[in-house]
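Just so it is clear, the model here is predicted, and its values are computed rather than measured. To find a chain, count down the sequence lines: A is the first, B the second, and so on, and within it residues start at 1.
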Amino acid sequence: MASYIIRRIIYAFIIIILVSLAVFLLVRMLPGDPIEMIVAQNTLADFGPEYYEQLEREYGLDRPVPVQYADWFIKVLRGDFGKSILHNYDIGKDMRSRLTVTLMLGLTAFVISFIAGPLLGIISAIRRGKMIDGVVTVLANVGITAPTFWVGILLIFLFGVKLGILPLYGYTLPWKDFGLSIRQSIMPVFVIALGPIASSARQTRSSVIEVLGEDYIRTAWAKGLKEKAVIFRHVLKNSMMPVVTLQGTMLRLIVGGSVIVETVFVIPGLGKMMVDAMLSNDYPVIQAATLVMTFVVVISSLVVDLLYGWIDPRIQYE
Amino acid sequence: MTDTRDAADRLFHPAEVEVLDEELLPPVNEFKRFVKVFFKRKIVLVGFVLVVIILLVAALADVIAPFSPYEQDLYNVLAAPGGAHLLGTDALGRDLFSRIIHGTRVALAVGVSTVLVSAAIGTLIGLIAGYAEGALQTVVMRLTDAMMAIPSLILQIIIANVLKSGVPGVVLAVAITLFPGYIRLINGQVLSLKQNDYVLAARSMGAAKARIVLEHILPNCLSPLIVQMTMMMGVAIMAEAGLSFLGLGILPPTAAWGSMAYDGYRYLMMRPLLSLAPGFAIMILVFSFNMVGDGLRDALDPKLRGSLG
């Protein structure tokens, strides 16, 4: 067990290093470079090629790429993510507040989808063929097929523009203004959670239906157990495994969803930071944002994986 | 049928003929069975009809669309829906309805090419890894796991941004995040198919590895492969729309639904259809392909065979 955990942690770090290396190399292949953008921004002053070279030296972009990577990685381990080339702010500091925002929204969405998805799936499986099953199935299909940004825009249009009951955009941290924070979170959290809720509900439904057909369930009914006991003690225990396994995938869905949701709702999170940096070729910001996002996903997948063993003792760690 | 019966009567004892009769039952018509199971669920039929309509719309876009998707009517900027412009016009006076019709082509082109590229790469690697086993398989599968652990949107954003070439760039970016799924699927298939007697038979007759893989294993992987490809159509189209919405995919003026929705988002208060209609089109398209995929899975999955038909 201990050796399995250690192996998985080493493996997780290899993934993180590989991704950061790939991002580092890919970013340097981007057409156009940030130094040119700085020069272009300051068209009033007349800059010669010397200035360009000086800027390149300043940001360390004149050195060979492997040296740049090693240097960057060592600094990151010390918590220094460097400075934005375009706007000259300290990335680490800025990222801390953005990560808080993204985690607040993402974790809330994850918890909600982890509860609501299986719950809807169980209800619709037990009441199979009834109206509630039909409603859940339709909603699950909408949740899976509707593009995230479309659901977001639709909600903003309905609840923000038409009904005027929820703020259109923005985000406030709960400890700054709790009421506003809740009101601003409702739509983004719902949009992020919708896809995962839909997938979990579908997976749970088919898994529960499968278990309901097992012999031991018939035995449980036959020996006169109450419905509650059959459902909770026998059906749920045996049908939740595939649903829990799915949660690792849900985390990736949530990260992807929050990138789009942060753009739709203009939320100053990590995803918005990455997209903005991507649009302006701000190398250090792209590297920092992707590294942190990959880190969050890989580590939380690891935690989910290790939890399986706790939920299902049959799992043997080789 | 009667000829065989006569011949059997002459050759065998009546009791034996009865047994023979059972064996001589006409073979199940695979195609008929497929059609029957496929259309069993009404929702699949709806999806199938929608896919056909979508394909027709894409093929006949020039005939159906009343305007060119790029034609600017600058006297009619942000026109309200109704009249000559069914769904109104965008900020550049282009007819929204015509742009959505033409967007079908872009979405289908991206979906089909992404699915083909990722399936081709994934199947090839999956076949090789599955048949080679040993160290090669371990390395390939570990790398596949690693690729699947990366949030796909991050990878897509970076690659699409590096390639910056519109449709081909987006296709490649999305395909790179989808092919590991095929490797896993095919690798698993190969591992179980290899246990079959016919593979052992082919091997003992001295068939070359490549021949066994191509002639015996690949054809048996086709059913799950087709199901996976249909399911991935929707995923690919959604991914493209997301990238285009972020301004990192297919850029204007090309009529891609995702970038249309983003452009229209600015005018949400005044003309909500500009951003809501393209998104709805994406939903219909993804829904149709998912339903067809569901039907195909019911009809092609050997594990379900007979249970629904």
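Environment of CZ in B:F48: sparse, with no more than 12 heavy atoms of neighbouring residues, nucleotides or ligands closer than 6.0 Å. Open room surrounds CD on A:E210; 12 or fewer heavy atoms of other groups in view lie less than 6.0 Å from it. A 6.0 Å sphere centred on CZ of B:F39 holds more than 12 heavy atoms belonging to other residues, nucleotides or ligands.
In this structure, the separation between CG on B:N161 and CG on A:L26 is 10.5 Å, given to the nearest 0.5 Å. How far CG of B:L143 is from CG of A:L18: 7.5 Å, rounded to the nearest 0.5 Å. Distance check: A:I260 CD1 to B:Y262 OH gives 12.5 Å after rounding to the nearest 0.5 Å. Distance check: A:N141 CG to B:I43 CD1 gives 6.5 Å after rounding to the nearest 0.5 Å.
A:V259 is listed as a side-chain neighbour of B:I157, based on a closest heavy-atom distance under 4.5 Å. In this structure the side chain of A:V27 never reaches within 4.5 angstrom of the side chain of B:V162, judged on heavy atoms. B:M283 is listed as a side-chain neighbour of A:V142, based on a closest heavy-atom distance under 4.5 Å.
Using a 4.5 Å cut-off between heavy atoms, A:I15 contacts chain B through its side chain alone, with no backbone atom that close. When heavy atoms are compared at a cutoff of 4.5 Å, A:L253 does not approach chain B at all. Residue B:I237 does not touch chain A at all, counting heavy-atom pairs closer than 4.5 Å. Residue contact with chain A, scored on non-hydrogen atoms closer than 4.5 Å, involves the backbone and the side chain of B:F280 alike. Neither the backbone nor the side chain of A:V151 comes within less than 4.5 Å of any heavy atom in chain B.
At least one donor-acceptor pair under 3.5 Å links the side chain of A:Y11 to the backbone N or O of B:R142.
For A:R28, there are no salt bridge (charged side-chain N to carboxylate O under 4.0 Å, His left out) partners, not counting sequence neighbours.
Annotation for B:M148 and A:R252: closest pair O-NE, 3.0 Å, computed over non-hydrogen atoms. Of all the heavy atoms in A:P147 and B:I282, the pair that sits closest is CG-CG2, 3.5 Å. Across every non-hydrogen atom of B:S275 and A:W150, the tightest pair is O-CD1, 4.1 Å.
Interface residues of residues 240-250 of chain B toward chain A, defined by a heavy-atom distance below 4.5 Å and sorted by number: B:A241, B:G242, B:F245, B:L246, B:G247, B:L248. Of residues 270-278 of chain A, those residues with a non-hydrogen atom less than 4.5 Å from any non-hydrogen atom of chain B are, in numerical order, A:M274, A:V275, A:M278. Contacts with chain B (heavy atom to heavy atom, under 4.5 Å) involve these residues of residues 152-162 of chain A, listed by number: A:I153, A:L154, A:I156, A:F157, A:V161.
When B:L276, B:V286, B:L153 are compared by the number of non-hydrogen pairs under 4.5 Å with chain A, B:L276 comes out ahead. Of the listed residues A:A146, A:A12, A:A22, the one with more heavy-atom pairs under 4.5 angstrom with chain B than any other is A:A146.
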For this session: Dump the intermediate steps for side-chain contact (heavy atoms from CB on, under 4.5 Å) on A:T148 and B:M238, then the final yes or no.
Result: CA-CA 9 Å; A:T148 317; B:M238 286 257 261; over 6 Å; no
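For the side chain to side chain contact (heavy atoms under 4.5 Å, CB included) with A:V23, the lone residue among B:L155, B:I158, B:I154 that qualifies is B:I158.
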